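Keep in mind that what you see is a predicted model, and the values were worked out from it rather than measured.
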Amino acid sequence: MRFATGHRHVRAGRVPPGLAVCMCAITLWAATAWAWDRDRLTDQAARLSPRTLAQVRAMIQVADKAAAVPDEGQRLALVNNFFNQRIAFQDDQTVWGRIDYWATPLELLDKGRGDCEDYAIAKYMTLLEAGVPQSRLRMVYVRAQFQGRAQAHMVLAYYAQPEAEPLILDNINPEIRRASQRDDLSPVFSFNGEGLWTGVGSTTAGNPLVRLSLWRDLLARAKEEGFQ
């Protein structure tokens, strides 16, 4: 199974055991106008450390710079490179002392370390702030062939049009590529603030409103920090 072109239905395989907990964690992001409370964000960052404040200010600057770029390819690259270059990959057990934790962008920048979900979430939220429509972005759980074996992984997919082949923003491969160029990735399910789908298709994967845990907790923390 590989990425399909656009949002058409694709047949997805069974969810690997390592993804089961995350599958139950996804809920909808409320369909409201998107805008960061920047004063609140910088205040929260300043309480953590001067380094974190500098990182958050840099994130705000890259969001503004991306918003001013008319070419969405350049916009994607600015945000993708920002997080790939500033964040070191480490698993949740090492960073947070637990098996699975979805960090807010503020938490991610404060730690300077995170796993694939954290990269994808931070890029998603920053691109929304930069003016990319939510309907063009999906976080995608995949099986990734990495170092000779299949591993659970998350990437961010960007669709220029509903039926277009998506571009993949990834922390493993920092180069933004079309889905057809990523034979190492097999989609399992995808989501954004508007819904949850099987694979990258149009088939709903159930009602995420009753599946709250990690995603709900992330959104609550993000809102408190200023990510509205």
Step-by-step side chain to side chain contact (heavy atoms under 4.5 Å, CB included) determination, N84 to K123: CA-CA 10 Å; N84 284 352; K123 294 171 187 178; 3.0 Å; yes
Under the criterion side chain to side chain contact (heavy atoms under 4.5 Å, CB included), I'd like the reasoning laid out for R75 against V132: C-alpha separation, chi angles, the key distance, then a yes or no. CA-CA 9 Å; R75 186 179 298 181; V132 176; 3.6 Å; yes
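With rounding to the nearest 0.5 Å, the separation of CZ in R182 from CD in Q145 is 11.5 Å. Distance check: D170 CG to R177 CZ gives 10.0 Å after rounding to the nearest 0.5 Å. Of the inter-residue distances, the one linking D71 atom CG with Q74 atom CD reads 4.5 Å to the nearest 0.5 angstrom. Expressed to the nearest 0.5 Å, how far OG of S49 lies from CG of L109 amounts to 10.5 Å. Separating the CD atom in Q147 from the CD1 atom in I172 is a distance of 8.5 Å, to the nearest 0.5 Å. Here CE of M59 is found 9.0 Å from CZ of R38. Values are rounded to the nearest 0.5 Å.
Using the six-membered ring where Trp is involved, W102 and F191 have ring planes that are parallel, under 30° apart on the 30 and 60° scheme.
The side chain to side chain donor-acceptor pair (under 3.5 Å) search around D43 returns R47, not counting sequence neighbours. Partners of D118 under the salt bridge (Lys or Arg N to Asp or Glu O under 4.0 Å) rule, at least two apart in sequence or in another chain, do not exist in this structure. With sequence neighbours left out, N171 forms a side chain to side chain donor-acceptor pair (under 3.5 Å) with no residue at all. With sequence neighbours left out, the salt bridge (Lys or Arg N to Asp or Glu O under 4.0 Å) criterion links E225 to no other residue. Shown here are the side chain to side chain contact (heavy atoms under 4.5 Å, CB included) partners of P50, two or more places apart in sequence or in another chain: there are none. Looking at residues two or more places apart in sequence or on another chain, you find a side chain to side chain contact (heavy atoms under 4.5 Å, CB included) between L167 and L76, Y158, I176, R178. Residues passing the salt bridge (Lys or Arg N to Asp or Glu O under 4.0 Å) test with R51, sequence neighbours excluded: none. Residues meeting the side chain to side chain contact (heavy atoms under 4.5 Å, CB included) test with A63, sequence neighbours left out: W36, T126, E129. Taking the side chain to side chain contact (heavy atoms under 4.5 Å, CB included) definition, one finds that Q90 meets it with T94, V95, R113, sequence neighbours left out. Listed by chain and number, the residues in a salt bridge (Lys or Arg N to Asp or Glu O under 4.0 Å) with D91 amount to none (sequence neighbours excluded).
Here the side chains of P187 and V140 are in contact, with some heavy-atom distance below 4.5 Å. Looking at V188 and R143, their side chains come closer than 4.5 Å, going by heavy atoms from C-beta outward. Inter-residue side-chain proximity for M154 and Y119 is flagged as unmet; no heavy-atom pair is nearer than 4.5 Å. Put simply, the side chain of Y141 reaches to within 4.5 Å of the side chain of E117, judged on heavy atoms. In this structure, R221 and D217 have side chains that are in contact, with non-hydrogen atoms separated by less than 4.5 Å. Using a 4.5 Å heavy-atom threshold, the side chains of L108 and T104 count as separate. For the pair L185/V155, a side-chain contact is recorded, criterion being any heavy-atom separation below 4.5 Å from C-beta on. The closest side-chain heavy-atom distance from L78 to V69 is below 4.5 Å.
Counting all heavy atoms, side chain and backbone alike, I168 lies closest to A157 at CD1-CB, 4.0 Å. Looking at every heavy atom in both residues, Q134 comes nearest to G193 through OE1-CA, 3.2 Å. For the residue pair S190 and R138, the shortest heavy atom distance occurs at OG-NH1, 2.9 Å.
Clustering ILVMFWY residues whenever any of their side-chain heavy atoms sit less than 4.5 angstrom apart, transitively, puts L53 in a cluster other than the one holding L48.
Listed by first and then second residue, the ring pair (Phe, Tyr, Trp, His ring centres under 6.0 Å) pairs that reach into residues 42-99 are W96-Y101, sequence neighbours excluded. Every pair tested for salt bridge (Lys or Arg N to Asp or Glu O under 4.0 Å) that includes a residue from residues 146-160 fails, sequence neighbours excluded, so the list is empty.
The closest side-chain donor-acceptor pair between E165 and Y159, if any, does not fall under 3.5 angstrom. Counting only N and O atoms by type, the side chains of Q55 and R86 include a donor and acceptor under 3.5 Å apart.
At distances below 3.5 Å, not a single donor-acceptor pair connects side-chain atoms of R57 with backbone N or O atoms of T42. Under the 3.5 Å distance criterion, the side-chain polar atoms of N81 are matched with a main-chain donor or acceptor of A77. A donor-acceptor pair under 3.5 Å is absent between the side-chain atoms of N192 and the main chain of S135, judged by distance alone.
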